[in-house]
Structure formats: C-alpha cells, structure tokens
Amino acid sequence: MATSTTSKKKTTAKSKKKRTTNKKLVIVESPAKAKTISKYLGRTYTVVASKGHIRDLPKSRMGIDIPDDFKPDYISIRGKGDTIKMLKAEAKKAKEVFLASDPDREGEAIAWHVSHVLNLDVNDKNRVTFNEITKETVKDAFKHPRTIDMNLVDAQQARRIIDRLVGYSISPILWKKVKKGLSAGRVQSVALWIIIKREREIQAFNPEEYWTIDSVFKKGRSKFKASFYGVDGKKFPLGNNDDVQNVLKKLDAKADFEITDVKKREKKRQPPRPFTTSTLQQDANKKLHFKTGRTMMAAQQLYEGINIGKEGSQGLITYMRTDSTRISAGAKLEAAQFIHDEYGPEYALNHPRKLKLPEGAQDAHEAVRPTSVMRTPKQIEKYLTKDQFKLYNLIWSRFVASQMTPAIVDTETVKVVQNGVEYRANGSKLNFEGYLKAYSAGKEKDNILPDLEIGDHVTLDNNVPNQHFTQPPARYTEANLIKALEENGVGRPSTYAPTLMTIQKRYYVKLDARRFVPTELGEIVNKLIEEYFPEIVNVDFTADIEGKLDDIEEAKLRWVKLVSEFYQPFSKEVSYAEKEMEDVQIKEPLAGFNCNICGSPMVEKMGKYGKFFACSRFPDCRNTQTIVKEIGVICPKCHEGQVIERKTKKNRLFYGCSRYPDCDFVTWDKPIGRDCPKCGHFLVNKKVRGGWQVICPEGDYEENVIK
C-alpha cells in the first residue's frame, strides 16, 4: 500500500515537471503588460517582465571602442542581477522563448539584448509584436512570429552611441570649465537653443504702435459690431492717432451708413486627425495642463492594461509612441457603426477619410486611438484614476471626431460705408455640429448679424478708437516646444518627454506661468556649446541625423558609417574646446546674511532639489540652510509662527508653520490671513476653473472667482 502511494507521488511529480518544461516563455518589459497578456495566452504560456533594458553602456565611462568601429561595451545594468537570473531560469525550463517587447526601435533593442543574455539565436523566429494589447490582436501576433529586426536594432544603437559620444565628450568639459553636474545632449541642446533663441527675439523686440476703430451700428432696434477696414475700397492701416483723426474727419456724424456688400458663405470645418505622440502631448498640455512626463505615464498605463471589471485586464489604447495618423480598417468600421448608432447617420462618414502622412513620418504603426470605441469614457471611468480617465477621454473623443463628418458654419461678411470710409462686420452661425458633437477645441459663440441687405441704411451708435502696440513672440509652452521640435525634425516621439524633463532637471530652464524661461546657467551652457560645438545646436544638422537613423532602419545606410561621419569633425571640436575654452565663473547671489558657523557670507546655490543657502567658504565650511519663503500670514493654529512655503519630495507645493515640529499646521491651499465670517475657520485661496477663489475649507463660504 505504501509502495503504491510512493509510486503515485513520483508519477505526479514527473507529470508536473513535464508540464512545466512544455510551457512557452514570453518576455515583455513591464509587469503590468505581463499581467494583461498572461490572461490572454492561457496556461501553456509563462509571461514575465524584463522591467525595461537589462543591458546598457556603462555609466562610469564612455564604453565605446572608437578605433574598433565604435564597438559598444554593453554590460548588465546595476540592480538587474536578480531579473537576469530569473529570466535565465525561466528560459532554461521553457519549451520556447518569445520576445514581446514594444513595437519600436527601443523595444527591438530590448529584445536583442535579452536574446544575447539568454544565448538565443537571433535568426530564430521568436520576436512577437502587436500595436494594441487586446486578446484577438495578441493571439494573432503569436501566430506570426518573426526574427529580430537588426535594422531597427542598429538604428537604436546608432542613436545611443552618438548620444553617448556627445554627452560623455562635452559634459566633462562643462564640469571642468563651468560647474559639476552639467550635461549636454544632442536633442536637449537643440531644445535649449530654441528656447534661448526665442528669449533673444523677445529682448530684441521693438513694439510698434497701431490703432483700431471698433464700432457699434444700429438697424432699427438691432445692434451689431463692426471694425474699421479702409478708405475707398483699400485697406488702410492706422499707425498713429493722426491717421485715426484723418479718418474720423471724413465721417458725417448725422448721416447714415450704407450697406454696400453682403457675402454669405457656407464653410466646412474638417475634423482633426487622430493623435500622434506629439499631438497627444500638445493637446494634453493645452487642455489638461499635463506635463509631457505625466501624459506619457498615464498613456503607458492605458496601453499596458487596466482591470475593467468583468472584461478583466484590457489594453485600452494602441501603442502611444507613433508619428503616424493611420487607422486600421477594423477600427474605422467599428467607429462608423458607433457614430451611426450614437449620434445619427448624418454624423457618420459615407466613405473612410484618406489622410496624407506628415513628411518624415515613419508610419511604423497606427495613430493613438482606443482599442475599442465601444468602451466609452463614461462606461469605464470608475476603473480609472483621474489622470487615466482625463487622457482616455481626450484620446477617445479625438479618435471618434476624426471619423465624423465636418462641421458646417454659415459665415457672413458685411461692408458698411460712408464717404468712402469702410467698416466690416463678420457674422457666423454653427449650422451643423458634425465632429464638434464629440470633440471641440473650445466653445465658440455664434455671432449672428441682423437681417442686412445691400442698400440698407444703418446708424452709427458708438465709435471707439483704441491704441495698441505689437507684442513680442510668446515664450514656449511644453506644447509649443514639442511642436517646434517636431516641425524642425529634431528628435522622435519617444524623446520629447525625457528631453523636456532633462533641461528642467539641470536647471537650464524654468517654468514661469507654464512657459519656459532660460536661466543664467542655461544661457552660459548654450553660449559655450554655440561657440565650440556649433553643429550640436544646428537644427538642420540634428534633423539630418534623424533622417539618417531612418535610413539605417530601412537598410539604406550602415550604422558604423553614420557614427564615423559624425565623429570625425566632432572629435576635432572636442579637442579644440578642451584647449581653448576658458573657465566660467557663475556669480552666486548673496543671501544677505552671514554663516552662523564661520561668519562668512552665505550665498544662494542650485542643487538637485532646487535652490538653497550655503556658506561661501565651501568646501572648507559645509553649512547649508533651506530657503524659507514666508507668505505674510500668521499661523492660524498656533498664532505664533509664520506660514511658509514648503515642497514635498515630488516638488509639490504646500504650506506649513515655521515652528514645525512644535506646530504641525499644514495645508495644500494658500491661507490668506482672514477667517470665515460664518464659522471662523481660516480662509484659503484655491485654484478653480477660470482662476482663483477664496473659500472656507470647512464650510460653504466662497467669494467670487478672480481670473
């Protein structure tokens, strides 16, 4: 009996072992993606995550053998030892190994590095890609595995090596000549140069005076607005007050004006294209006030999969790194059906819209869109975080709108004339919403003119001359800077977010009212790079490299040749800069008080987490102090300390008492120094839609919004 039981246990153990060794291993980048895909593939697959790259160039040195055709010295990334050990153990047990990292150059490089670590044959058909993480798409992708695309790998490798050559050649010079902790990069240096170029344009701008005459006319009881256009049928610019007075002298205050022309037109407003990475980042910045990093983090989560109840974990959007506006036939068909049923047949396209790709677009995969338009934002809102919901709603609405009919606007232009002086009135009325039913750039009010016909007479009710001055070009927002980089062919969808984060992290620029302003440090670094490495900040040169990286991907150019062509002149610039660049002294502002340890003046310094006070005798004296900013309000809790600005580790602003830890008063919203007239609680200034509002956090008291 005992023997029989033992035999049974051995048989069970063998069968378990056999089932384990027959499993197929799938390697993706992230645990969230692994969790989603695992549910689709079933028990015969084991899905694990590499958690991004597992090999890279070393951080402590260049890691490139320049004489040996720029051979990179890849090493295992520090901290990835356990992950690599796990991947090897799982691969050893598996019947087959599939590499299912993201469908772009970076994803292809990750697959290649993993295959190298696991000693897989690069000629094996073990590479699986999909543009969206849905059950049907993933299962279909595993029916058609391919070999690793070495052209994609080489393109990524060429970018990585060129960026390493730039960063690890220029940065040490900046460390030596300016200060430690600085860096330079191929794309980040161009982004900084674009910001500084705009700042120079603003500083060099000379405002010019001009005038307008804005008027109100009456026909019967109806009034309408019009603006001065010109004299005797020709446009006449008003440069100063004398020009205005000369025009006004021609008018007879008692006489009527005549309607000499009425033009009515019907204009079609075409819907926007579905999102690419850059247009998604731009729109999220404009409409949601999301920084690029925040946008891409939420997009990554939506792509990799969210648990949405009965359906389980589902990828909700297609791959979010793309410069294509292409849409699959299946997605178009589903959208057409949804629009027909939800909005009506007049909103659905009769024929799919054909869109021309932007110049230079790689078209590797589709636009950013929902994986199923049937999952409306309202249906899945309860499963999403606030950021995820806002971004999904934006992507879903834009995609639906792109598949809808145009909006139709009735426009009207009216000429109002007296003694040769011509005013023009423009009217508009939305006749048919079209795509605006789903997606609007902003609510536009109709401007309906009264019933006017040629020959009608109207009276002047109000005539107001206004002086204006031309304005300098605006500083770049994140959205505008991304647009400028894209238009100049600098960088690619995956590079915009890290580029913008880097120039802020290095304190080359700061955000003021959501617009980039270069710092003194940024100006110094840019000036040195402009002088000693002019090609690095040459937009055309950088865009040309991007084009050649595309050529490598398409097997039109060898990566070693591109790197060699770049490095030959660049290395001469490096040698010249090392010899000729002079040391730069950055003036550190005085703090206005002396060190309480040695008595030397304290100065303001810039560190990893922002500004702080430090002793001017550093490193002999290492005394530092946090910069405290008082807001002029006594602490409402202890009534002794001052309310000061503080920041969390994630740089979020909050307010606390200067007597902390003796007083633990803290609030996210700014106290204003007044108490609520209803309950006596302190009032705060809270940011709301449209501006700021004084409210009571504990009651229902609130004051008018201040814009």
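The model shown is predicted, which means the values in this text are computed figures rather than measured ones.
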Inset, instruction - Apply side-chain contact (heavy atoms from CB on, under 4.5 Å) to Asn426 and list each qualifying residue two or more places apart in sequence or on a separate chain. - result: Thr413
Legend entry - Electrostatic pair Arg198-Glu201, nearest N-O below 4.0 angstrom: yes
Inset, instruction - Considering non-hydrogen atoms only, spot the tightest contact between Phe205 and Pro473 and give its length. - result: CD1-CD, 4.3 Å
Please table the atom pairs, donor to acceptor, closer than 3.5 Å between any side-chain atom in residues 614-621 and protein atoms at least two apart or in another chain.
from	atom 1	to	atom 2	distance (Å)
Ser616	OG	Pro601	O	2.7

Legend entry - Exercise: identify the closest heavy-atom pair between Ala497 and Thr292: CA-OG1, 3.5 Å
Legend entry - With Tyr210 via side-chain contact (heavy atoms from CB on, under 4.5 Å) - residues at least two apart: Thr212, His468, Thr470
Legend entry - Contact summary for Ala32 and Glu304, nearest pair of heavy atoms: CB-OE1, 3.5 Å
Legend entry - Heavy-atom donor-acceptor pair, Asn488 side chain to Ala484 backbone, under 3.5 Å: yes
Inset, instruction - Mark yes or no: Lys287 above the aromatic ring of Tyr439, with NZ or CZ under 6.0 Å from the six-membered ring centre and no more than 45 degrees from the axis. - result: yes
Legend entry - Nearest atoms (heavy-atom pairs only) where Tyr303 meets Lys33: OH-NZ, 3.9 Å
Inset, instruction - Before giving the answer on side chain to side chain contact (heavy atoms under 4.5 Å, CB included), spell out for Ser183 and Arg506 the whole-Å C-alpha distance, their side-chain angles and the decisive distance to 0.1 Å. - result: CA-CA 8 Å; Ser183 71; Arg506 301 295 182 200; 2.9 Å; yes
Legend entry - N/O donor-acceptor pair under 3.5 Å between Gln693 side chain and Glu703 backbone: yes
Inset, instruction - Supply the atom-to-atom distance Ile380 CD1 to Asn307 CG, rounded to the nearest 0.5 angstrom. - result: 11.5 Å
Inset, instruction - Measure across Ser50 and Thr83 and return the closest heavy-atom pair with its distance rounded to 0.1 Å. - result: O-CG2, 3.6 Å
Inset, instruction - Look at the side chain of Thr277 and the backbone N and O of Met320, then say whether any donor-acceptor pair between them is shorter than 3.5 Å. - result: yes
Legend entry - Asp102 backbone acceptor or donor facing Glu29 side chain under 3.5 Å: yes
Legend entry - Glu531 with Lys177: basic N within carboxylate O range, under 4.0 Å: no
Legend entry - Option from Ser600, Cys595, Cys598 for which side chain to side chain contact (heavy atoms under 4.5 Å, CB included) with Asn623 holds: Cys595
Inset, instruction - Would you check if there is a donor-acceptor pair between the side chains of Asn447 and Ser428 at a distance under 3.5 Å? - result: no
Legend entry - Heavy-atom donor-acceptor pair, Glu199 side chain to Ile195 backbone, under 3.5 Å: no
Legend entry - Residues in salt bridge (Lys or Arg N to Asp or Glu O under 4.0 Å) contact with Lys225, at least two apart in sequence or another chain: none
Legend entry - Sidechain-backbone polar pair: Thr542 side chain, Val490 backbone, donor-acceptor under 3.5 Å: no
Legend entry - Spacing of OG1 belonging to Thr371 relative to CZ belonging to Phe399, to within rounding of 0.5 Å: 10.5 Å
Legend entry - Side-chain donor-acceptor contact under 3.5 Å, Gln188 with Thr502: no
Inset, instruction - To the nearest 0.5 angstrom, please state how far the CG atom of Asn526 sits from the CG atom of Leu521. - result: 11.0 Å
Inset, instruction - Locate the shortest heavy-atom distance separating Thr276 from Val368; write the atom from each residue and the value. - result: C-CG2, 4.2 Å
Legend entry - Check: Ala184 main-chain N/O paired with Ser171 side-chain donor or acceptor under 3.5 Å: yes
Legend entry - Spatial distance of atom NZ (Lys390) from atom CG (Leu288) [nearest 0.5 Å]: 6.5 Å
Inset, instruction - For the pair Tyr168 (side chain) and Lys59 (backbone), establish whether a donor and an acceptor sit closer than 3.5 Å, ignoring hydrogens and angles. - result: yes
Inset, instruction - Say whether, by atom type as modelled, one donor and one acceptor occur between the side chain of Thr279 and the main chain of Phe275 under 3.5 angstrom. - result: no
Legend entry - Partner set under salt bridge (Lys or Arg N to Asp or Glu O under 4.0 Å) for Arg514, not counting sequence neighbours: none
Inset, instruction - Could you tell me whether a side-chain N or O of Arg659 sits under 3.5 Å from a main-chain N or O of Gly641, the two making a donor and an acceptor? - result: no
Legend entry - Glu106 with Arg492: basic N within carboxylate O range, under 4.0 Å: no
Legend entry - Partner residues of Pro636 under the side-chain contact (heavy atoms from CB on, under 4.5 Å) criterion, sequence neighbours left out: Val643, Phe665, Phe682
